[in-house]
Number of protein chains: 2
Amino acid sequence: MGITKTQNFNAQQNRVASFAKAFAHPARVAILEYIIRQNSCICNDLVEELPLSQSTISQHLKELKFIGLIKGEIDGPRICYCIDEVRWEEAKGLLEKFFGSFASKGSCC
Amino acid sequence: MGITKTQNFNAQQNRVASFAKAFAHPARVAILEYIIRQNSCICNDLVEELPLSQSTISQHLKELKFIGLIKGEIDGPRICYCIDEVRWEEAKGLLEKFFGSFASKGSCC
DNA sequence: AAAAATAATCGTAATATTACGATATGGGGA
DNA sequence: TCCCCATATCGTAATATTACGATTATTTTT
């Protein structure tokens with residue numbers, strides 16, 4: 001086993017989990033924070049910013065890109081990465097909806 | 001390697017990542033949704049609700065409890081699990097702050 | 001054309017996660 | 001007391017993630 005039984009959960013549950021996974025590593029949180037701070041990003045900047053190797057950072061960027069939270073365009077010999085607004089808003093909406101679904105009615109414990 | 005270099009990131013980044021990890025599996029999303037819907041919870045209900053074995057569900061509950069999003073009290077031969085309001089609000093606040101930190105200034109790509 | 005710069009990908013190793021069956025534990029009731 | 005129920009934990013296997021060095025690909029500069 002070890003494989004997540006994705007097919008047994010509904011689309012929204014999988015979507016929330018997928019977006020959450022994007023934030024589930026401090027390096028990716030740091031990468032997103034950096035992109036936001038710069039409002040544009042070049043991968044190599046991150047190599048100097050973060051205590052991780054170039055290949056590791058590239059891998060994290062690939063995951064963020066796969067999930068769709070960032071997008072990248074070739075800009076000369078570099079890649080310009082930035083936040084994908086549409087997906088960001090989608091993630092924000094989903095997560096906020098999820099957090100909003102809990103309202104304390106006085107805990108049972 | 002394979003070990004996350006936690007010590008290289010700041011407390012807030014690690015905290016965001018830790019909370020996000022709680023949601024990073026559809027089973028845990030489903031578990032939280034169920035607890036919220038019931039406003040109280042008994043583990044065994046979940047065994048009937050979810051297509052996972054009792055031991056797997058127990059393991060997911062343990063993780064949620066470790067992160068602090070739920071708390072459980074012994075209630076006779078059962079365990080009553082429910083949302084830990086304080087932590088839930090903390091997670092909500094952190095994630096919302098994170099999402100709020102991005103405001104489109106016109107994307108660069 | 002050769003060299004430099006940037007970033008992706010490959011290969012690989014260590015560790016973490018997911019999952020389940022089997023077993024243990026602890027309380028309640030017969 | 002002995003058994004049953006609900007949960008936790010153990011052991012184990014499969015898969016995923018994290019990380020890095022080395023290599024590759026691409027483009028720009030020399």
Side-chain angles (χ1 to χ4, degrees), chain A residues 1-9 13-14 17-18 20-31 34-35 38 40-67 70-82 109, chain B residues 1-9 13-14 17-18 20-31 34-35 38 40-67 70-82 109:
Chain A
M1 297 77 209
I3 187 163
T4 296
K5 296 171 129 189
T6 304
Q7 73 285 359
N8 290 318
F9 300 98
Q13 287 162 346
N14 280 304
S18 162
K21 201 177 276 185
F23 303 113
H25 192 286
R28 289 194 291 274
V29 174
I31 287 171
Y34 185 75
I35 296 180
Q38 304 293 310
S40 88
C41 166
I42 279 129
C43 179
N44 206 53
D45 294 357
L46 284 166
V47 177
E48 277 144 49
E49 192 79 4
L50 301 183
L52 294 170
S53 74
Q54 184 267 321
S55 57
T56 301
I57 290 171
S58 189
Q59 211 173 308
H60 281 303
L61 285 167
K62 191 181 174 186
E63 283 171 73
L64 288 171
K65 201 174 170 183
F66 177 76
I67 292 163
I70 65 174
K71 55 185 178 180
E73 302 247 313
I74 291 166
D75 171 28
R78 306 171 170 201
I79 296 275
C80 167
Y81 277 117
C82 61
C109 314
Chain B
M1 296 79 212
I3 187 163
T4 295
K5 297 170 130 191
T6 305
Q7 73 285 359
N8 289 319
F9 300 98
Q13 287 162 346
N14 281 303
S18 163
K21 201 177 275 185
F23 303 114
H25 193 287
R28 290 194 291 273
V29 174
I31 287 170
Y34 185 75
I35 296 179
Q38 304 292 310
S40 88
C41 167
I42 279 130
C43 178
N44 206 52
D45 295 356
L46 285 166
V47 177
E48 277 143 50
E49 191 81 3
L50 300 182
L52 295 170
S53 74
Q54 184 266 323
S55 58
T56 302
I57 290 170
S58 188
Q59 211 173 309
H60 281 304
L61 285 166
K62 191 182 176 186
E63 284 171 72
L64 289 170
K65 201 175 170 182
F66 177 76
I67 292 164
I70 65 173
K71 55 187 177 179
E73 301 248 313
I74 291 165
D75 172 28
R78 306 175 169 198
I79 296 274
C80 168
Y81 277 117
C82 61
C109 315

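Please read all numbers here as calculations on a predicted model, not as lab measurements. A, B, ... follow the sequence lines: proteins, then strands. Residue 1 opens every chain. Computed from heavy atoms alone, side chains included, the values below leave out hydrogens, waters and symmetry copies.
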Report task. Ignoring backbone atoms, establish whether Lys21(B) has a side-chain N or O less than 4.0 Å from OP1 or OP2 of dA16(C). Result -> no
**Report entry** Whole-Å gap separating C1' (dT18(D)) and CZ (Phe9(B))
**Finding:** 11 Å
Query - Asp45(B) side chain near Tyr34(B) side chain, heavy-atom distance below 4.5 Å - result: yes
Query - Rounded distance (Å) that lies between atom P of dT7(D) and atom CD of Glu48(B) - result: 10 Å
**Report entry** Sequence-distant partners of Gln54(B), side-chain hydrogen bond (donor to acceptor under 3.5 Å, both in side chains), two or more places apart
**Finding:** none
Requested in this report: In whole angstrom, give the distance that lies between atom CD1 of Ile57(B) and atom C1' of dC20(C).
Outcome: 12 Å
Query - Rounded distance (Å) that lies between atom C1' of dT7(D) and atom CG of Leu52(B) - result: 16 Å
**Report entry** Side-chain N or O of His60(A) closer than 4.0 Å to phosphate OP1/OP2 of dT17(D)
**Finding:** no
Query raised in the report: Tell me: CZ of Phe23(A) to C1' of dT18(D), nearest whole Å?
Result: 19 Å
Report task. Would you kindly give the CD-to-P distance between Glu63(A) and dA8(C), to the nearest whole Å? Result -> 13 Å
Report summary line: In short, Ala27(A) meets Leu52(A) closest at the heavy-atom pair CB-CD1, 3.6 Å
Without placing hydrogens or testing angles, list every side-chain donor-acceptor pair under 3.5 Å for residues 57-67 of chain A, not counting sequence neighbours.
unit_1: His60(A); atom_1: ND1; unit_2: Arg28(A); atom_2: NH1; d: 3.0
unit_1: Glu63(A); atom_1: OE1; unit_2: Arg28(A); atom_2: NH1; d: 3.2

I'd like a table of atom pairs between the protein and nucleotides 9-11 of chain C - only N or O on both sides, under 3.5 Å - with the distance next to each one.
none

Query raised in the report: In whole angstroms, how far is the P atom of dT9(D) from the CZ atom of Phe66(B)?
Result: 13 Å
Query raised in the report: Do you know the tightest heavy-atom contact between Ala24(B) and Lys21(A)?
Result: O-CE, 3.7 Å
**Report entry** OP1 or OP2 of dA8(D) under 4.0 Å from side-chain N/O of Tyr81(B)
**Finding:** yes
Query raised in the report: Sequence neighbours excluded, which residues qualify as side chain to side chain contact (heavy atoms under 4.5 Å, CB included) partners of Ser55(A)?
Result: Ser53(A)
Query raised in the report: Could you walk me through whether Phe9(A) and Leu50(B) pass the side chain to side chain contact (heavy atoms under 4.5 Å, CB included) check?
Result: CA-CA 9 Å; Phe9(A) 300 98; Leu50(B) 300 182; 4.2 Å; yes
Query raised in the report: So, is His25(A) near the phosphate of dA16(C), with a side-chain N or O under 4.0 Å from OP1 or OP2?
Result: no
Report summary line: Separation of dG28(C) atom P from Ile79(B) atom CD1, nearest Å, is 12 Å
